[in-house]
Each structure stands twice: as structure tokens, then as C-alpha cells.
Number of protein chains: 2
Amino acid sequence: MNEAQTRQATLANPPAHDRVYRGMRLQIMHGELLPGQALTLRGIGKQFGVSMTPAREALRRLTAEGALTLSASGRVATPELSNDRIEELAQIRALLEPELASRALRRAHLALIDRMESINEANARAIRLQNPVEYIRTNLEFHRTLYLRAQSPAILGLLETVWLQLGPTMRALYTRLRRTTAPPHHRLILEALRAGDDAALRLALRTDVTQGLRHLQG
Amino acid sequence: MNEAQTRQATLANPPAHDRVYRGMRLQIMHGELLPGQALTLRGIGKQFGVSMTPAREALRRLTAEGALTLSASGRVATPELSNDRIEELAQIRALLEPELASRALRRAHLALIDRMESINEANARAIRLQNPVEYIRTNLEFHRTLYLRAQSPAILGLLETVWLQLGPTMRALYTRLRRTTAPPHHRLILEALRAGDDAALRLALRTDVTQGLRHLQG
DNA sequence: TCTGTGGATTTGTGATCACATTTGTCCATG
DNA sequence: CATGGACAAATGTGATCACAAATCCACAGA
């Protein structure tokens, strides 16, 4: 019938628990939180101006996606990943991302490549400015821009949960080894896209993914 | 007014929301619910003898894993997957499961293969008895028994969420085409395991996964 | 037979509270 | 200086309630 969203004056259309979820999700994926950071229901609730109930639902949702870990006493915190687990998550990325890139290749037109190019420049800028959050954000946006063309929401959705799990760890990685040069494989990815070379594209993504996380081992 | 909180202090029992989650999860993964089945918080609460709060947390968790879909009005139901989505999920299985099998191959000893053999016989029995839930259950157990040896909890966890999403659909598939013979690829999997042939094992799993879901298309 | 319209019922959402348990702090004791 | 125990604060859990929106259903009108 009437599609008018005449919600209560206090809040906008999206439910409170969804706003909390989205906000926390961005913070985690972009590496704004360090590994092992503890979170409380009342604290999150206060931060977003809601009660415990929506905060609880948001955190439950995030723990279900692996973005947060649940201690035995029910306390939530950002995960501190073991080396084995990092290797597993990197392997998942190495399996899914070449597939998504290959699916996107057929649909990739010039405007898309240009957009990725400009995102890559923003990424290089973030490195110059030593801004970890912006570096992670633009790096993920570079990949996501390509994968959105794959028209494969299920695979992309699963991949994003993997990124979520790696968020705090990637932040810790960045601050530990302060990189000064842009990731070299982004150029290879763009070249393979322009050439329409499927094999080269898959290889470039596999190396970009595994290389970036190999530094964390040890 | 329920004055009997009856928390049974110091009795190490899982929280209510966790019990609800596990129960619903099994029902979904084993195909006890058909696609499109609607669920209500109060209904689930009554079914498990708890209030709305734990039921809400359990359903939120399951929707986060893709086991349930959330309508615009906030109602939850088992997913009705499109053909495209089924193809995507099958592709994910085709990528992850050969990898898990390969990792398990090095650690697979004779007792494991024997156990898989007996599970496979239970699977064939379920087919003879035309029992869809038991068929799905033993089929998943066959795969999981192998993958547990891979010692890769992150990959296996991700894969299980894919199985979850396919649960109701696999049930619908089964009742639609009433299979009468056991899946032929399980034998190939067992043979490749005995021979220690990595390439053959990967291939057997890829075909087992894609073949089983190809029937659903159209 | 079909349609839409009104009200009654069902349902999800968010706040609040009681309670058991965990965690933190401080001080006495060895 | 280290250790442990008692007390206080903090925290997750689950029940309950009010409320608005969505859904359902009977019934009148075309």
C-alpha cells in the first residue's frame, strides 16, 4: 500500500540495531580497532545512543560473521588471529578472489578500469601519508570495485566476511612494518584487465593476496 | 510474571540463545525445513521454551550466516534460492572442498577411510528408505569427516555456512527427483584416498559437488 | 467472482529491569 | 615484594512490556 516510511520521529528508517551493525562493521573492516580490543554492550549502546538490546543484536551478528570473538563468559572482542588462521584466511582469499576477478573480466569496460586506477592513486596517497585506515579502506575498495562487476553476490558476500575477520590484523600488520611503497601487484591487475588476459589476471590477484599477508607470518 | 528464573547456578549449561541457535541450525542444515518457511520470534521461543529475547538472538545469528533471509519488514524465513545463487554456492563448494580434501589427504589414515565407508553405507540406506533428512545428514557427515582431518577450522567454518544456506534447497531437490541410487562419486573419493592420489581426489570432490547441485537448475 | 476496505490480530523493535557471574580493586598477610 | 581473599563495580543474560507497523480476515460493493 502506502510505502511512506513514517517511522517514529526519534530514528530514521533503518532499525537501530542495523545502524550499530553497519557502524561497527566499518570500524572493524577498515582496521580502526586493534586485535584484542574488548567491547561491552553498554559501551556500544552509549556510543550509538541506543539501549543494550540493539547493541546486543549488532554484536551477535558480527560475531556470527567472525568479525568478533566470543569469550567463554560471553564477552566480545576483536579477534587475535593465530598464524595458522591467517594462512587459512589468505588461502580462502586466494581461491575466491581470482574467481571473482575472472567473472568480472568479461564485463569490465574502460570506465571501470579508470575508476580502479583513481582508487589506486588514493591508495598510494594513503601510503605516503602513513594513514593505515585509509590505506586499508582504499585497498579493499580497489578489489571490491572489480568484484562488483562479477555479479556474484554470494561469493562477494562470503569474501567480505573474510575481509572482516582480517580487519584488525591487517591494521596491526600495517603499523608493524610501515610500508613505504604501493603494492606492486595492483599495476599487474590493471594491465591484465586492459589486455583481457584471464590467466594473468588470476595470477596477479593470487600473488597480491598471498604476498600482502605473508609478511605477517612469524 | 515468572519468578522462577531457575538459572541453576554453577551448572555449566549453555545459554538459552545458544541452545535455540544449535537446534534451529540442525533443522535447517539437515533440510527439515522447506524453502520459504516463515518463522516468528514468539513461535521459536515457544518451541524451545524461552522468551523472545534468546529466540531473537538465535535468528539474528542464523540470518547473519545466510541460513535465513530477512524480509524488509524484519520477518525471517528459510531462503528460496535463485538458480544464479545456487550456481554461486556450488562454485564456492567446488573451490573450497577440493582444497580441504587435499589438506586432509596427508593426514588421512585407514581408520578414517573405514569410518567414511560406514557413513557412506548409512547414506545408501537412507536412499533406500527414501529418507531425505537422513540422506542429507549422512552426506554432509561423509564430507565433514574427511574435512575435519584438514585441521583448517576457518575454511571448514566458512564451508558450513554454505551448507547451511543450501539446506532447505537440498531438501526440495531431494523430494523433487527422488533419487534411487547412491551418489557414484563417493566411491571415487574413497578410492583416491586409499591411493593417496591428490589430483584424483580433488577431481572427485569437484564433480561430486557440482554434479549433485546441477540437477536443481531449471 | 473479484476487489478493496475496515478493523482485529500478529509481529518485530527497543527500552528497562532483576539477577548471576565475572572482573577489577584494595588491603592484609606471608 | 608477592599473594590471596574480600568487597565493589561492571557485564552478559533473559524476561517483560509498550508501541508501531505489517499482516490477516471477514464483508460490503461493483
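Every chain is numbered from 1 and lettered A, B, ... according to where its sequence line falls, protein lines coming before strand lines.
As a whole-Å value, the separation of A/Asn13 CG from C/dG14 P is 13 Å. In this entry the distance linking CE of A/Met52 with C1' of D/dA15 reads 12 Å, nearest Å. Summarising the geometry, the separation between CG on B/Leu59 and P on C/dT13 is reported as 10 Å, rounded to the nearest angstrom. Rounding to whole angstrom units, CG of residue B/Leu41 and C1' of D/dC17 are separated by 15 Å. Distance NE2 (B/His17) to P (D/dG12): 11 Å, rounded to an integer number of Å. What separates CZ of A/Arg60 from C1' of D/dG12 is a distance of 9 Å, to the nearest Å. Remark: C1' of C/dG14 and CG of A/Asp18 are 14 Å apart, rounded to the nearest angstrom. In this structure, CZ of A/Arg75 is placed 17 Å from P of C/dA20, rounded to the nearest angstrom.
One side chain, B/Ser152 or B/Arg103, offers a donor N or O that lies under 3.5 Å from an acceptor on the other.
The phosphate of C/dG14 has neither OP1 nor OP2 within less than 4.0 Å of any side-chain N or O from A/Thr53. OP1 and OP2 of D/dG14 both lie 4.0 Å or more from every side-chain N or O belonging to B/Arg19.
A/Thr69 places a side-chain N or O within donor-acceptor distance of the main-chain N or O of A/Ala77, the cut-off being under 3.5 Å. A distance-only check finds a donor-acceptor pair linking the side chain of A/Thr78 to the backbone of A/Leu34 [under 3.5 Å]. Judged purely by atom type and a 3.5 angstrom limit, B/Glu57 has no side-chain atom pairing as donor or acceptor with the backbone of B/His17. The closest donor-acceptor contact from the side chain of A/Ser102 to the backbone of A/Pro98 lies at 3.5 Å or more, if one exists at all.
Axis angle across the helix from C/dT1-D/dA30 to C/dG30-D/dC1, with five pairs used at each end and values rounded to 10°: 30°.
Here the side chains of B/Arg22 and B/Asp18 are in contact, with some heavy-atom distance below 4.5 Å.
If you find the closest nucleotide of DNA chain D to B/Arg42 and to B/Gly49, the one lying nearer the 5' end belongs to B/Gly49.
When each of C/dG12, C/dA15, D/dG14 is scored by its nearest atom to the side-chain atoms of B/Thr40, the top-ranked nucleotide is C/dG12. Of the listed nucleotides (C/dG12, C/dG14, D/dA15), D/dA15 has the atom at the smallest distance from the side chain of B/Val50.
Taking only distance into account, the side chain of B/Ser73 never meets the base of D/dA21 through a donor-acceptor pair shorter than 3.5 Å. The base of C/dG14 lies close enough to the side chain of B/Arg56 for a donor and an acceptor atom to sit less than 3.5 Å apart.
We find the OG1-NE2 distance between B/Thr207 and B/His185 to be 4.0 Å, quoted to the nearest 0.5 Å.
At the heavy-atom level, B/Leu39 lies under 4.0 Å from the strands shown only through sugar-phosphate atoms.
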